[in-house]
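Taking it in order: structure first as structure tokens, then the write-up.
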2 protein chains.
Amino acid sequence: MSAGGRVEQTRAQIVEAALRLFAERGYERTTMRAIADEAHVAVGNAYYYFGSKEHLIQGFYDQMQRQHMAASEAVLAGTTNFADRLSGVMHAWLDVAAPYHEFAAQFFKNAADPSSPLSPFSEGSAAARDGAVSVMRHVVDGADLSVDRELRAALPELLWLYQMGIVLCWVHDASSGARRTRMLIDRTVPLAERIIRLSRSRLLRGPTRDVVSLLGDLGLRFADAGHIVGREAAILGRI
Amino acid sequence: MSAGGRVEQTRAQIVEAALRLFAERGYERTTMRAIADEAHVAVGNAYYYFGSKEHLIQGFYDQMQRQHMAASEAVLAGTTNFADRLSGVMHAWLDVAAPYHEFAAQFFKNAADPSSPLSPFSEGSAAARDGAVSVMRHVVDGADLSVDRELRAALPELLWLYQMGIVLCWVHDASSGARRTRMLIDRTVPLAERIIRLSRSRLLRGPTRDVVSLLGDLGLRFADAGHIVGREAAILGRI
DNA sequence: CCATTGACTTGAACGTGTTCAAGACGGGGG
DNA sequence: CCCCCGTCTTGAACACGTTCAAGTCAATGG
């Protein structure tokens with residue numbers, strides 16, 4: 001086995017041990033010493049590969065996003081109806097995230113911390129974010145929905161923001177099976193569809209333009225990230 | 001001096017020392033030992049009065065909300081135009097919060113952590129939240145704005161959610177003077193007003209009802225909290 | 001075969017939040 | 001005046017995230 005392979009194996013050992021223990025006892029109650037033990041490695045070695053305990057979470061995010069992307073693929077292959085596509089993708093996220101609800105909530109707080117490398121707005125999360133946005137792009141592109149041209153370009157990002165809101169609700173949602181969050185989805189998706197359809201009406205064209213240009217000026221429109229979109233497209237293209 | 005008075009003095013000493021040091025060096029870089037020293041008190045004593053380092057932040061919240069309420073009072077006395085009132089109250093918040101931007105951002109992450117007593121959705125924050133909602137109620141009540149009846153009842157809470165969104169932006173906003181956040185306010189307030197006015201139009205009456213009933217079913221409508229509203233009303237009633 | 005180099009690994013030590021057993025204090029009953 | 005009891009107050013001790021000087025190891029060059 002090459003040295004590179006061994007290094008990858010050590011990394012994997014550590015992140016796997018961490019996720020196993022997080023799922024078992026939660027984030028806070030898992031110590032770096034326990035992770036190191038479980039991975040048959042010294043404490044300092046974990047820090048050689050991961051800058052901090054928080055950085056280990058990125059591994060969890062990556063895994064979850066891969067699973068969500070696969071689940072979305074199945075959903076999006078089944079229908080061209082916009083509401084069904086969006087709803088399906090959102091429920092798929094809940095399905096994927098469900099097993100981790102208890103401990104995931106413990107560190108989703110990083111979402112609101114701008115100094116954390118785990119903030120979904122941070123540089124470090126660019127890859128995961130672009131992946132999620134590109135899922136939304138496919139939701140829109142494959143749908144039989146006539147959208148205002150300008151809005152269409154901004155819609156994937158808007159839907160990603162919508163998803164962040166749903167996640168925030170989910171984090172606070174203690175109901176069994178995330179009932180409340182699922183209700184929120186079921187009732188906001190048709191609402192979103194209606195508003196998107198109305199975006200071309202005389203009454204709402206103005207506000208729509210305002211929202212789109214605001215989004216642009218805020219700089220939420222990230223760099224093209226062609227390579228990421230390319231990579232994800234390889235997966236989603238088959239849909 | 002009675003024992004009760006002495007106790008209050010000790011509490012105040014600790015919270016004042018904490019705020020002073022937070023402002024000076026930031027939250028993370030302030031140690032409990034330093035706070036205890038500054039307050040001329042033993043470390044354990046701080047824990048006798050405050051459950052954790054995080055709990056000391058509540059003192060900061062309380063102080064900021066008092067200041068914001070006072071600033072809002074001045075603003076709301078000046079105009080009955082809805083957009084001006086909402087915009088004024090939001091900018092007033094930014095003014096009040098400005099000196100603390102650097103270190104406040106460090107712990108606003110608790111906002112997204114449901115397990116934290118500092119989450120704006122938590123029981124512990126009920127008082128502060130009710131106060132903020134009641135400011136929004138006065139924004140609406142004193143405005144020359146004809147609103148759909150059902151929407152009117154839900155509007156204060158919706159505007160509070162809007163404020164949470166603005167705060168989230170502010171936390172991430174590194175521009176000088178919170179330029180970006182101020183722009184966001186200046187461009188979303190007229191948008192909000194337009195949509196609220198349109199809430200009575202045939203086209204939007206349906207979606208409006210949907211949003212209002214959704215808010216109710218989600219349980220975001222908190223208990224009446226009459227005593228709080230009463231207390232705040234004593235202040236805001238003079239407007 | 002050895003020496004050198006640099007990537008990887010180790011675990012003791014440090015700083016910080018938090019806990020807790022023990023003490024100080026003060027006022028009320030004997 | 002003393003003792004008792006409950007309310008503060010103390011600071012040493014603990015647990016955990018993190019750092020770092022030192023060590024191991026494999027590959028490379030002589």
Side-chain angles (χ1 to χ4, degrees), chain A residues 1-22 24-60 103 106-107 109-110 113 115-118 124, chain B residues 1-22 24-60 103 106-107 109-110 113 115-118 124:
Chain A
M1 183 180 289
S2 78
R6 161 144 292 191
V7 161
E8 275 316 303
Q9 193 197 337
T10 307
R11 272 189 78 95
Q13 266 172 32
I14 295 169
V15 81
E16 274 162 26
L19 294 192
R20 198 158 48 236
L21 292 179
F22 287 166
E24 211 169 279
R25 346 176 164 170
Y27 178 70
E28 311 261 335
R29 294 161 57 89
T30 300
T31 71
M32 287 300 281
R33 286 164 181 81
I35 293 172
D37 280 359
E38 184 87 1
H40 303 294
V41 139
V43 167
N45 204 7
Y47 281 92
Y48 180 79
Y49 288 101
F50 299 92
S52 72
K53 191 181 174 187
E54 277 194 349
H55 279 79
L56 282 167
I57 302 177
Q58 194 73 53
F60 167 75
F103 85 95
Q106 285 182 318
F107 56 64
K109 62 176 164 183
N110 296 294
D113 180 8
S115 66
S116 166
L118 290 167
Chain B
M1 181 180 288
S2 77
R6 160 145 292 191
V7 161
E8 275 315 304
Q9 193 196 335
T10 308
R11 273 189 79 93
Q13 267 173 31
I14 294 169
V15 81
E16 274 162 27
L19 293 192
R20 200 158 47 237
L21 291 179
F22 288 167
E24 210 169 279
R25 346 176 163 171
Y27 177 71
E28 311 260 338
R29 294 160 56 90
T30 300
T31 71
M32 288 300 282
R33 285 163 183 80
I35 293 173
D37 279 358
E38 184 87 2
H40 303 296
V41 138
V43 164
N45 206 6
Y47 281 92
Y48 181 78
Y49 287 102
F50 300 91
S52 73
K53 191 180 175 188
E54 275 195 350
H55 279 78
L56 282 167
I57 302 177
Q58 193 75 52
F60 167 76
F103 85 94
Q106 286 183 317
F107 56 64
K109 63 174 162 183
N110 296 295
D113 181 8
S115 66
S116 167
L118 290 167

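Every chain is numbered from 1, with letters handed out A, B, ... down the list of sequences.
At the phosphate of dT18(D), OP1 or OP2 sits under 4.0 Å from a side-chain N or O atom of Tyr47(A).
Protein atom CZ of Arg11(B) is 12 Å distant from nucleotide atom P of dT9(D), rounded to whole Å. Taking atom CZ on Phe50(B) and atom P on dT9(D), their separation rounds to 12 Å, with Å as the unit. A straight line from CG of Asn45(A) to C1' of dC20(D) spans 14 Å, rounded to a whole angstrom. In this structure, Lys53(A) places its NZ atom 19 Å from P of dT16(C), rounding to the nearest Å. Atoms CD1 (Ile14(B)) and P (dT9(D)) sit 8 Å apart, rounded to a whole Å. As a whole-Å value, the separation of Ile35(B) CD1 from dT16(C) C1' is 12 Å. Rounding to whole angstrom units, CZ of residue Arg25(A) and C1' of dC16(D) are separated by 13 Å. When the C1' atom of dT18(C) is taken as reference, atom CD of Glu54(B) falls 13 Å away, rounded to whole Å.
Which of dT10(D), dT9(C), dT19(C) sits closest to the side chain of Thr10(A) comes down to dT9(C). Of the candidates dT19(C), dT9(D), dT9(C), dT19(C) carries the atom nearest the Val43(B) side chain, counting heavy atoms from C-beta on.
Of the possible donor and acceptor atoms, one in the side chain of Lys53(A) sits under 3.5 Å from a partner among the backbone N and O of Thr30(A).
When each of His40(A) and Arg33(A) is assigned the nucleotide of DNA chain C with its nearest heavy atom, His40(A) is the one assigned upstream, toward the 5' end. Position along DNA chain D of the nearest nucleotide to Met32(A) versus Gly44(B) favours Gly44(B) as the more 5'-ward residue.
With a 6.0 Å cutoff to the six-membered ring centre and a 45° limit on the axis angle, Arg29(B) does not count as a cation-pi contact of Phe22(B).
We find the CD-CZ distance between Glu38(A) and Arg20(A) to be 4.5 Å, quoted to the nearest 0.5 Å.
For Phe60(A) and Tyr27(A), the ring centers sit 6.0 Å or farther from each other.
Across all their heavy atoms, Ile35(A) and Ala17(A) have their closest contact at O-CB, 3.8 Å.
Within the 4.0 angstrom heavy-atom criterion, only backbone atoms of the sugar-phosphate kind lie near Tyr49(A); the bases stay farther away.
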